Amino acid sequence: MSDDATGPATEAFLAHRNLLFTVAYEVLGSAADAEDVLQETWLQWVKADPGQVRDPRAFLVRITTRQALNRLRTIKRQREAYVGSWLPEPLLTTPDVAQDIELAESVSMALMLVLETLSPTERAVFVLREAFDISYDEIAEAVDKSPAAVRQIAHRARRHVDARRPRRVVSSNEGQAVLESFHRAVETGDSQALLEVLAPEVVLMSDGGGIKHAALRPVTGAERVSRMFAGGIGKFEDALTAERTVVNGNPALLVRLDGEIDGVMAISVQDALITGLYYVRNPEKLSHLTSATPLTLR
């Protein structure tokens, strides 16, 4: 922010900053890109004529959405050339995010991956409507479409997401209990206990970004995932530690190798079993974990 920004402009921006960051992050799946979008939003905001801004929140959301859409169209092409599986950048989040079940689901790794399958405009419309309940008229202004077109896009995106999202939203306590069982099984090397907490169709995705070793394709099935853990942990047994934390509003493990952060393991849960394991190892996606305090997203 510029030093000569007026007090009211700064106050208005800061009042909505968490909301704007969450909009940008849900559209982009990247905290670093979301921060860049917020900077661009700020620069446009301080140039705006206050007399022409009736609703600062709507104005700021509109700028943020447009900037995020522009950036998403660019990075989507880059992600097509990404080495191995691409996973969203994990965020340490405050306990209140975990307690807000709808918000926690909207930023979960599992749902963010579903959003990756939408077109940029579908994703922005879905996020604004479903996560923030923004009116069709406001969304139309943000994405340069008519309200009627936005309704159609929202319906199409919702149908696409509903076909792929978890059947039900899991409470924070249920998720933490499953993570604790998983953590204990991995720590003790109890392969039977590990199999008992994994759903038969569990999918493990790991993201090294071509910088750190990771499986290039998702690993599917409880037996295969269990064997991967047994083989991987066996190599570094004495050097690996894991602590429970909350990432993207959901239970996760912060994994360290020789005391240094190696990655984050997030999970998705259904019927008290783990259906998805998401291990982010790409160092470029871990900077927020070493320097940032947990985030409040609204």
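Given the structure is predicted, the values throughout are model-derived calculations rather than measurements. Just so it is clear, the values below take in all heavy atoms, side chains as well, and ignore hydrogens, waters and symmetry mates.
Using modelled atom types and a 3.5 Å distance limit, the side chains of E201 and T275 yield no donor-acceptor pair. Side-chain contact check for N248 and Y25: at least one donor-acceptor pair (N or O, by modelled atom type) lies under 3.5 Å. Using a 3.5 Å distance cut-off with no hydrogens or angles, the side chains of H155 and R151 do not pair a donor with an acceptor. Between S85 and Y278, the side chains place no donor N or O within less than 3.5 Å of an acceptor N or O (distance only, hydrogens not considered).
Using a 4.0 Å cut-off between a side-chain N of Lys or Arg and a carboxylate O of Asp or Glu, E138 and R62 do not qualify as a salt bridge. A salt bridge is defined here as a Lys NZ or Arg NE, NH1 or NH2 lying under 4.0 Å from an Asp or Glu carboxylate O, and E80 with K76 fails to meet this definition. Between R281 and D207 there is no salt bridge, since none of the side-chain N atoms of the basic residue sits less than 4.0 Å from a carboxylate O of the acidic one.
Pairs engaging residues 47-68 under the ring pair (Phe, Tyr, Trp, His ring centres under 6.0 Å) rule: W45-F59 [sequence neighbours left out]. Screening residues 168-216 for ring pair (Phe, Tyr, Trp, His ring centres under 6.0 Å), with sequence neighbours left out, gives F182-F229.
None of D137, L128, V125 except one satisfies the side chain to side chain contact (heavy atoms under 4.5 Å, CB included) rule with V150; the exception is V125.
Cluster membership for L43 and L38, using ILVMFWY side-chain heavy atoms within less than 4.5 angstrom, is shared.
Judged as a side chain to side chain contact (heavy atoms under 4.5 Å, CB included), and not counting sequence neighbours, the contacts of D55 are R57, A58.
With a 6.0 Å radius and a threshold of 12 heavy atoms from other residues, nucleotides or ligands, E223 has its CD atom at or below the threshold.
Judged by the 6.0 Å and 45° rule, R129 forms a cation-pi pair with Y136.
Between V170 and Q270 the shortest side-chain heavy-atom distance falls below 4.5 Å.
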